[in-house]
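These notes are about the structure you will find just below.
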2 protein chains.
Amino acid sequence: MKLTCPITGPKPYHHGDLRRALLDAASRVLEREGPNALSLRAVAREAGVSPAAPYHHFKDKSELMLAISEEGFDQLYDFMRQSADPDGPPMERVAAIGVAYVEFAKAHPSIYRVMYDCSRDLEALPDKAHKAEDGAYSLLKKAMIDLGVVSSDQEVDLELACIAAWCAAHGLAEMVGFRQFDSLKAKMGGEKAFLAGVLSHLGTFGQARNRG
Amino acid sequence: MKLTCPITGPKPYHHGDLRRALLDAASRVLEREGPNALSLRAVAREAGVSPAAPYHHFKDKSELMLAISEEGFDQLYDFMRQSADPDGPPMERVAAIGVAYVEFAKAHPSIYRVMYDCSRDLEALPDKAHKAEDGAYSLLKKAMIDLGVVSSDQEVDLELACIAAWCAAHGLAEMVGFRQFDSLKAKMGGEKAFLAGVLSHLGTFGQARNRG
DNA sequence: GGTTCGATCTAATCACTGTCAAGATGAACT
DNA sequence: AGTTCATCTTGACAGTGATTAGATCGAACC
């Protein structure tokens, strides 16, 4: 019979906790050299182990990426929660959540990219990553209910509103984080004004679709 | 002195037009095996040439991807133009453009992914890909002006509205194209209803931000 | 027509990657 | 003590992006 930790799995033997060390190493490689340089071997090198060592903790390269993605969503969730005062007006809360999302993507572009690359691979993440995402998603959902725009008993409508907000935030993250729009930002006097400006026009598309 | 075609560069010698053939081969590989399988060697194999042959037409792998991306944006532009009746009401036109965008992404997920992977690499595409994108972007811009929500003389405001629409469409493309939401779609009776539903809530986020 | 010249393609090679099988290590259990 | 077994290393394989030197073919020139 073996003593195993219910969280991290079997107790580490040689290395202190290689799984943890590998994830940290991956994070470092990502921040330093970008997502294109993220190879299993580079991660192993960074952690100071042999190229094959990671295979005892991750079945695949994609499983490593998935783990990074999960951690990323956890971090995102934390950041959102910190940013949104649960006692403040729901309007501000929804806004704060959205801004936090965009700022996270801008602050950690490489991790954000891994997160979305993973979530696009349909065959992977049956429910695993969705579970990690649920934290952030449920936070938004709650704020949306409190906002009162959609009645909480209309489950479908609520879901749609959350998806809309999420996809707006994702689109914004791509645009604000990875594109420059430097001249436009300068004209508007800063990125915050730019962001607010884009947000104010977000409804136009939807209105056109529904009236048209 | 040499006769060179101003469009395709120097006239092809051995192969009929290897550059063209390579792009077609790349497109085939993408559709068949997905973006992860897109290697220079695979493309060369598909085109029936040696692994080094592509390097006479593309400096890099990334330059090949960039060319694919450019073609993708051209295709997207064409599809948008076909979808939006220029004589119809501008409301419908904006909606049609947005829907066309989302449907293109869903119909050609691999190409769409390459398009956005390229446009995220900041160091690449100084103006080249933006030029190709301009076609699609200017189409939206024109429709937005005709929509009359923003006055055409307020250049900054117009730009913001276009960016907002573009980023909403991108977010939608990711959500509708790559995520499933199958149960939700079923509840709403089809994907079109789902899409319309999400769109109708798109403004909520922006309103919250501005009022909050 | 034959020659030359340069664009085009091939062959060979290098460093790197993901992945695997087989062996070495050493902590934990009897 | 000795055994067990997860952990890690070694060594290897195929496939990748990239570069080089050399073969080859086409078009222009005489």
Side-chain angles (χ1 to χ4, degrees), chain A residues 1-23 25-26 29-30 32-68 114 117-118 121 123-124, chain B residues 1-23 25-26 29-30 32-68 114 117-118 121 123-124:
Chain A
M1 191 50 79
K2 265 196 152 290
L3 283 183
T4 60
C5 171
I7 300 175
T8 59
K11 269 240 188 85
Y13 286 68
H14 301 158
H15 199 283
D17 184 353
L18 187 53
R19 190 192 149 88
R20 180 69 265 149
L22 285 170
L23 287 174
V29 171
L30 270 178
R32 188 175 354 112
E33 303 170 60
N36 291 334
L38 185 73
S39 66
L40 256 177
R41 292 179 109 100
V43 171
R45 216 176 302 138
E46 176 79 21
V49 293
S50 83
Y55 282 88
H56 294 270
H57 301 270
F58 305 99
K59 181 179 126 280
D60 244 0
K61 182 191 179 182
S62 70
E63 206 170 283
L64 203 191
M65 307 251 292
L66 197 67
I68 297 169
V114 170
D117 280 356
C118 280
D121 286 339
E123 69 273 9
Chain B
M1 194 48 80
K2 257 190 158 293
L3 284 183
T4 61
C5 171
I7 300 175
T8 58
K11 269 237 190 90
Y13 285 71
H14 300 158
H15 199 284
D17 183 353
L18 187 55
R19 190 191 150 88
R20 180 68 267 151
L22 286 170
L23 286 174
V29 171
L30 270 178
R32 183 166 10 102
E33 303 170 60
N36 290 336
L38 185 72
S39 65
L40 258 176
R41 294 178 106 100
V43 171
R45 216 177 302 138
E46 175 81 19
V49 294
S50 84
Y55 284 90
H56 294 270
H57 300 270
F58 304 99
K59 179 181 128 282
D60 241 2
K61 183 191 178 183
S62 69
E63 205 170 283
L64 204 191
M65 306 253 292
L66 196 67
I68 296 170
V114 170
D117 279 356
C118 282
D121 286 339
E123 67 274 9

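Reckoned from all heavy atoms, side chains included, excluding hydrogens, waters and symmetry mates. Just so it is clear: chains get the letters A, B, ... in the order the sequence lines come, proteins before strands, and each one is counted from 1.
- We find that CG of A:Leu40 is positioned 15 Å from P of D:dC8, with the value rounded to whole Å.
- Taking 4.0 angstrom as the limit, B:His56 places none of its side-chain polar atoms (N or O) nearer than this to OP1 or OP2 of C:dT10.
- Closest to the side chain of B:Leu18, from the set C:dG18, C:dC9, C:dA11, is C:dC9.
- Computed from coordinates, the B:Phe58 CZ to C:dT8 C1' distance equals 14 Å when rounded to whole Å.
- In this structure, CG of B:Leu38 is placed 17 Å from P of D:dG15, rounded to the nearest angstrom.
- Taking every side-chain heavy atom of B:Lys61 into account, D:dG17 is the closest of D:dG17, D:dT9, C:dT10.
- The OH atom of B:Tyr55 sits 12 Å away from the P atom of D:dT16 (whole-angstrom rounding).
- A:Leu22 places a side-chain heavy atom less than 4.5 Å from the side chain of A:Phe58.
- Here the side chain of B:Ser39 is nearest to one of D:dT16, D:dC8, C:dC20, namely D:dT16.
- When every heavy atom of A:Leu64 is checked against every heavy atom of A:Ala26, the shortest pair comes out as CD2-CB, 4.4 Å.
- For A:Leu22 and D:dT9, the CG to C1' distance is 14 Å, given to the nearest whole Å.
- Between B:Arg45 and D:dT16 there is a side-chain polar atom (N or O) within less than 4.0 angstrom of OP1 or OP2.
- Atom CG of A:Asn36 is separated from atom C1' of D:dT16 by 14 Å (rounded to the nearest Å).
- Summarising the geometry, the separation between CG on B:Asp17 and P on D:dG26 is reported as 16 Å, rounded to the nearest angstrom.
- Under the salt bridge (Lys or Arg N to Asp or Glu O under 4.0 Å) criterion, no residue pair touches residues 48-58 of chain B, with sequence neighbours excluded.
- Among C:dC9, D:dT19, C:dA21, the nucleotide with an atom closest to any side-chain atom of B:Ala53 is C:dC9.
- Phosphate contact (OP1/OP2 of C:dC9, side-chain N/O of B:Ser50, threshold under 4.0 Å): absent.
- Straight-line distance from the NE2 atom of A:His57 to the P atom of D:dA6: 13 Å, rounded to whole Å.
- A salt bridge (Lys or Arg N to Asp or Glu O under 4.0 Å) check over residues 43-52 of chain A, counting only residues at least two apart or in different chains, returns the pairs A:Arg28-A:Glu46, A:Arg32-A:Glu46.
- Along DNA chain C, the nucleotide closest to B:Pro51 and the one closest to A:Arg41 are compared, and the more 5′ of them pairs with B:Pro51.
- Of all heavy-atom pairs between B:Ala44 and B:Pro51, the closest is CB-CA, 4.0 Å.
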